[in-house]
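What follows is one structure encoded as structure tokens, with my remarks underneath.
Here the structure is a predicted model, which means the values were calculated and not measured. Labels below follow one simple rule: chain letters A, B, ... track the order of the sequence lines, proteins then strands, and each chain is numbered from 1.
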Amino acid sequence: MHVKSIEDILSERVRDAAAGALGMPVDGAVHLEVSNRPDLGDFATSVAFTLAKAARRPPLAVAELIAAALGGAAGDGAMIAGASASAPGFVNVRLSAAELSRSVDGICRAGGRIAQRAPTGDKVVVEHTNINPNKAAHVGHFRNACLGDSVVRILRRLGHTVEVQNYIDDTGVQVADVVVGLRFLEVPPQGDQPFDRYCSDVYVAVQHAYAADPALLARRREVQASVEEGHGPLAAFVHDVAGRIVTANLATMARAGIGYDVLTWESHILGLGFWQTAFERLRDGGALRFETDGPNAGCWVVPFGAGTVELEGKTVSEDKVLVTSQGTITYTAKDIAYQLWKFGLLGRDFSYRLWGAQADGRPLWTTALDDGSPDAPAFAHGDRVVNVIDVRQSYPQQVVYECLRRLGFAAQADRSHHLAYGVVNLSAAAARELGVAVDEGQAVVAMSGRGGIQVFADELLDRLAARLAERTADPDVASAVAVGAARYYMLKCGNTQDIAFDFDDALRTTGETGVYLQYALVRARGILRRLAEAGVSAAPAPPPPVLADADRALVLHMLRWPRALATAGDALTAQPVAKFAFELAAAFSAFYDNTGPIVQETDAGVQAWRAGLVQAFDLLFGDVLDTLGIPALDRI
RNA sequence: GCCCCCGUAGCUCAGUGGACAGAGCAACUGGCUUCGAACCAGUAGGUCGCACGUUCGAGCCGUGCCGGGGGUACCA
């Protein structure tokens with residue numbers, strides 16, 4: 001259920017008051033913000049500045065007129081307790097205790113989900129994770145999955161139908177490299193390391209082997225050729241390896257509560273001839289050009305950027321090659337076919353079969369080359385598409401969207417979103433801990449799967465859980481707190497911010513961390529538990545005559561949830577939700593510490609009100625944490 | 001060359017054109033006989049890279065510089 005937010009209602013009130021006081025129409029929504037002068041009011045608006053000119057009065061005089069009109073509406077049970085004007089022209093509004101009480105009641109009746117919106121009827125396809133199936137997930141992949149998963153949770157709350165796709169590139173060189181290593185090199189496993197970690201090591205070993213013996217590269221071509229033919233024992237082996245790695249990667253993400261709706265395999269896109277269909281469309285639509293000379297002679301290209309340019313004495317082309325002079329298909333080409341399919345524009349479809357059940361009970365499907373399952377739901381046909389992909393792939397992503405445009409699908413191109421996120425590097429300290437030589441003055445070191453310079457996602461979760469196990473007897477609690485800490489670490493920065501991964505930061509359990517959020521909820525649930533034991537109801541109750549600042553601040557913070565969620569959805573980033581969650585937890589912690597124990601409260605009115613307040617916080621904050629994928633616990 | 005991102009406290013980062021620029025960490029002071037101190041209350045720490053411009057008002061918008069990173073592959 002979606003209730004109109006306090007700000008929406010206040011905005012209308014201010015607009016009406018301004019129109020009445022000034023005797024002139026006020027167009028559009030009046031922008032309202034949470035006051036950063038809580039001594040003056042709960043909300044503030046600068047609308048007087050914009051109206052001053054037309055009203056032919058100074059801003060402060062306009063603000064005073066609006067405040068007087070708003071204040072006139074105050075009274076018993078009214079929404080607004082009072083309004084004031086302050087220099088140089090702000091209007092400050094204070095909510096009444098009765099309104100705050102109604103808000104607490106509303107939060108409880110909504111089960112905390114006051115930010116949930118009615119279904120919009122549109123479908124958003126979100127692609128994230130997308131790990132090459134030849135290695136264990138590292139913290140860079142983990143950032144991708146955390147961002148994608150939280151954006152999915154945000155969009156679902158905003159009323160969108162969301163389908164999560166995890167693209168598996170099982171035909172690229174990376175898988176081929178590991179298969180070469182497994183078949184032709186004897187790489188000893190380290191102890192009882194899991195298969196995905198072993199493959200990460202093999203991948204590094206293969207790079208060294210190529211350098212020492214270039215003849216080995218022929219083996220890679222051999223593997224790739226067999227994959228392209230799609231049958232034979234080598235192809236079956238590749239398929240088996242990729243499948244085992246995907247299973248391992250899914251298990252890693254499942255630890256953090258991250259799931260999917262469907263796995264889309266690159267080999268299926270090729271095997272079903274999706275690219276051939278897309279190619280013909282592009283060629284016939286005039287979007288492609290076959291080059292007979294120049295740097296791309298013999299290639300099919302999509303003209304892009306400045307075309308052919310002279311740079312530092314060399315002739316280079318900004319056009320994007322889709323089919324090489326050898327006849328092979330580039331990744332971008334496959335991505336064009338994939339993107340067309342996501343929108344239902346290809347005129348082709350996969351068949352599907354069930355991959356398995358996931359931790360949250362949702363089924364996971366996979367594309368299939370055979371007839372698949374008759375029970376499979378319909379996938380793709382999205383109205384919008386969000387691709388969670390490293391910022392370094394911005395250029396090929398733009399090529400993909402431009403190709404849609406050139407095929408006449410401008411609307412779909414506009415509804416294609418590259419959710420670009422910054423790189424996860426290692427801090428100098430983290431790199432040294434991994435045994436990597438770091439130059440003096442070098443702040444960060446790039447991770448490298450080929451070079452074996454990386455921190456694995458499982459390793460991060462394991463180390464966090466181990467640290468937390470020192471403080472709790474329950475290993476399930478330790479791992480749940482570890483998940484919260486790891487996810488918050490990945491979400492608290494903006495999408496475009498590069499992250500310098502640092503063990504000291506990532507393993508912290510105090511301050512602005514996931515632990516802080518979980519601890520606030522644990523404290524609230526501790527109160528509710530004690531109240532229940534004492535037989536005190538936690539149902540919403542009327543406010544006491546005098547409302548403490550900590551109580552007011554807590555209610556007002558909770559009321560900001562819908563806007564925080566909407567902001568996050570508009571920008572396709574979980575960061576505003578992460579920041580909001582921390583601030584709300586801080587408001588609750590201050591409330592907790594700066595007021596007496598509710599269980600021992602002697603004033604029955606105060607006790608009843610605060611019990612209801614804690615109940616509302618528990619419900620609402622549980623929804624906030626779930627949006628971030630942070631487990632809500634009763635005890636830690 | 002062209003395109004994109006970043007530059008805010010010692011460090012890591014927030015800051016939808018609005019009031020005195022915030023948080024965490026690190027440093028320093030206090031606070032557990034009370035619903036769990038993984039917390040709270042406080043002190044200190046800033047030419048918001050630089051310069052012009054737009055605006056009643058700029059960390060935010062525009063232009064030009066200076067630093068750092070990335071892209072501009074017949075890799076992904």
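- Nucleic acid contact for A:Ser325: base, since at least one base atom lies under 4.0 Å from a heavy atom of the residue.
- The backbone N or O of A:His31 sits less than 3.5 Å from a side-chain atom of A:Thr45, completing a donor-acceptor pair.
- Contact check, A:Tyr519 against B:A38: a side-chain N or O comes under 4.0 Å of OP1 or OP2.
- Take the nearest nucleotide of RNA chain B for A:Gln497 and for A:Arg529: the residue whose nucleotide is more 5' is A:Gln497.
- Rounding to whole angstrom units, CG of residue A:Asn134 and P of B:C75 are separated by 17 Å.
- Between A:Phe588 and A:Phe617, the ring planes are parallel. Angles under 30° get that label, and only those over 60° would be called perpendicular.
- Counting only Watson-Crick or G-U wobble pairs whose defining distances are both under 3.5 Å, the stems of 3 or more consecutive pairs in RNA chain B are B:1-7 with B:66-72, B:10-13 with B:22-25, B:27-31 with B:39-43, B:49-53 with B:61-65.
- The one candidate from A:Val388, A:Ile389, A:Val424 that meets the side-chain contact (heavy atoms from CB on, under 4.5 Å) condition with A:Asn144 is A:Val388.
- Per the geometry, CZ belonging to A:Phe304 stands 11 Å off P belonging to B:A73, to the nearest Å.
- Within 6.0 Å of CZ on A:Arg57 lie no more than 12 heavy atoms contributed by other residues, nucleotides or ligands.
- Listed nucleotides: B:A76, B:A19, B:C35. Nearest to the side chain of A:Asp169: B:A76.
- Look at the C1' atom in both B:U47 and B:A21: the space between them is 14 Å, to the nearest Å.
- Partners of A:Lys334 according to the salt bridge (Lys or Arg N to Asp or Glu O under 4.0 Å) rule, which considers only residues two or more places apart in sequence or in another chain, are A:Glu266.
- Considering only the side chain of A:Val321, B:C74 comes nearest among B:C74, B:C5, B:G70.
- Residue-level contact check: A:Asp504 touches neither bases nor backbone, having no heavy atom under 4.0 Å from any strand.
- Across all strands shown, A:Gly172 has no heavy atoms under 4.0 Å from either base or sugar-phosphate atoms.
- Remark: the A:Asn130 side chain and the A:Gln165 side chain contain no N/O donor-acceptor pair separated by less than 3.5 Å.
- Among the protein residues, A:Tyr395 comes within range of the sugar-phosphate backbone only, with heavy atoms under 4.0 Å from sugar or phosphate atoms but none that close to a base.
- In this structure, of B:G18, B:A19, B:A76, it is B:A19 that holds the atom nearest to the side chain of A:Ser35.
- Nucleotides B:G15 and B:G7, compared at atom P, are 10 Å apart to the nearest Å.
- Ring centroid separation for the pair A:Phe582 and A:Tyr516 comes in under the 6.0 Å cut-off.
- Base orientation at B:C60 is anti, since its O4'-C1' glycosidic dihedral falls outside 90° of 0.
- RNA chain B is contacted by A:Ser589, A:Ala590, A:Tyr592, A:Asp593, A:Asn594, A:Thr595, A:Gly596 of residues 587-596 of chain A, taking any non-hydrogen atom closer than 4.0 Å.
- In the set B:C35, B:C74, B:A76, the nucleotide with an atom closest to the side chain of A:Pro396 is B:A76.
- With B:A38, B:U16, B:A19 as the candidates, the nucleotide lying closest to the side chain of A:Glu33 is B:U16.
- A salt bridge links A:Arg463 to A:Glu433: at least one charged side-chain nitrogen sits closer than 4.0 Å to a carboxylate oxygen.
- Within the 4.0 angstrom heavy-atom criterion, base atoms lie near A:Leu468.
- Looking at A:Lys579 and A:Glu512, a side-chain N of the basic residue comes within less than 4.0 Å of a carboxylate O on the acidic one, giving a salt bridge.
- Within 6.0 Å of CG on A:Asp549 lie no more than 12 heavy atoms contributed by other residues, nucleotides or ligands.
- Residue A:Arg530 is classed as a sugar-phosphate contact, given heavy-atom separations below 4.0 Å to backbone atoms only.
- Ranked by how close their nearest RNA chain B nucleotide is to the 5' end, A:Arg450 and A:Gln600 are led by A:Gln600.
- Across B:G59 and B:A19, the matching P atoms stand 9 Å from one another, rounded to whole Å.
- Scored by the salt bridge (Lys or Arg N to Asp or Glu O under 4.0 Å) test, A:Asp593 finds A:Arg523 as partners (sequence neighbours excluded).
- A:Glu7 and A:Arg560 are not joined by a salt bridge, as no carboxylate oxygen comes within less than 4.0 angstrom of a charged side-chain nitrogen.
- Side chain of A:Thr324, nearest nucleotide from B:U16, B:C75, B:A37: B:C75.
- Between B:U54 and B:G64, the distance separating the two C1' atoms is 15 Å to the nearest Å.
- A:Ala44 comes within 4.0 angstrom of a base, heavy atoms only.
- When distances are taken from the side chain of A:Cys493 to each of B:C74, B:G71, B:A14, the shortest belongs to B:A14.
- Counting any heavy atom pair closer than 4.0 Å across all strands shown, A:Ala297 reaches a base atom.
- Put simply, the side chain of A:Ser150 never gets that close to the backbone of A:Leu147: no donor and acceptor are under 3.5 Å apart.
- Atom pair A:Arg610:CZ and B:U34:C1' shows a separation of 14 Å (rounding to whole Å applied).
- Residue A:Gln339 contributes atom CD, which lies 17 Å from atom P of B:A76 at whole-angstrom precision.
- Atom C1' of nucleotide B:C11 and atom CD1 of A:Ile499 are separated by 16 Å, given to the nearest angstrom.
- Taking atom CD on A:Gln393 and atom C1' on B:A76, their separation rounds to 5 Å, with Å as the unit.
- A:Ser86 comes within 4.0 angstrom of a base, heavy atoms only.
- Between the C1' atoms of B:U8 and B:A23, the separation comes to 13 Å (whole Å).
- At most 12 heavy atoms of other shown residues, nucleotides or ligands fall within 6.0 angstrom of atom CZ in A:Arg635.
- At the heavy-atom level, A:Pro88 lies nowhere under 4.0 Å from the strands shown.
- Checking B:C74, B:A19, B:U16 against the side-chain heavy atoms of A:His31 singles out B:U16 as nearest.
- Under the ring pair (Phe, Tyr, Trp, His ring centres under 6.0 Å) criterion, the residue pairs touching residues 469-489 of chain A are A:Tyr489-A:Phe501, with sequence neighbours excluded.
- Taking the P atom of each, B:U33 and B:A38 are spaced 14 Å apart, rounded to whole Å.
- Nucleic acid contact for A:Glu318: base, since at least one base atom lies under 4.0 Å from a heavy atom of the residue.
- On the C1' atoms, B:A73 is 24 Å away from B:G68, given to the nearest whole Å.
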Sequence-aligned protein contact record of nucleotides 20-26 of chain B, with B where the base is within under 4.0 Å of a protein heavy atom and S where only the sugar-phosphate is: B--SSS-
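- Within 4.0 Å of A:Val391, counting heavy atoms only, lies no atom of the nucleic acid at all.
- Residue contacts for A:Ile636: at a heavy-atom cut-off of 4.0 Å it reaches a base atom on one of the strands shown.
- Nucleic acid contact for A:Gln575: sugar-phosphate only, since backbone atoms but no base atoms lie under 4.0 Å from a heavy atom of the residue.
- Under the 6.0 Å cut-off for aromatic ring centres, A:Trp265 and A:Tyr167 do not qualify, their centroids lying 6.0 Å or more apart.
- Taking 4.0 angstrom as the limit, A:Arg523 places a side-chain polar atom (N or O) nearer than this to OP1 or OP2 of B:A37.
- Taking atom P in both B:A37 and B:C32, the straight-line distance is 12 Å, to the nearest Å.
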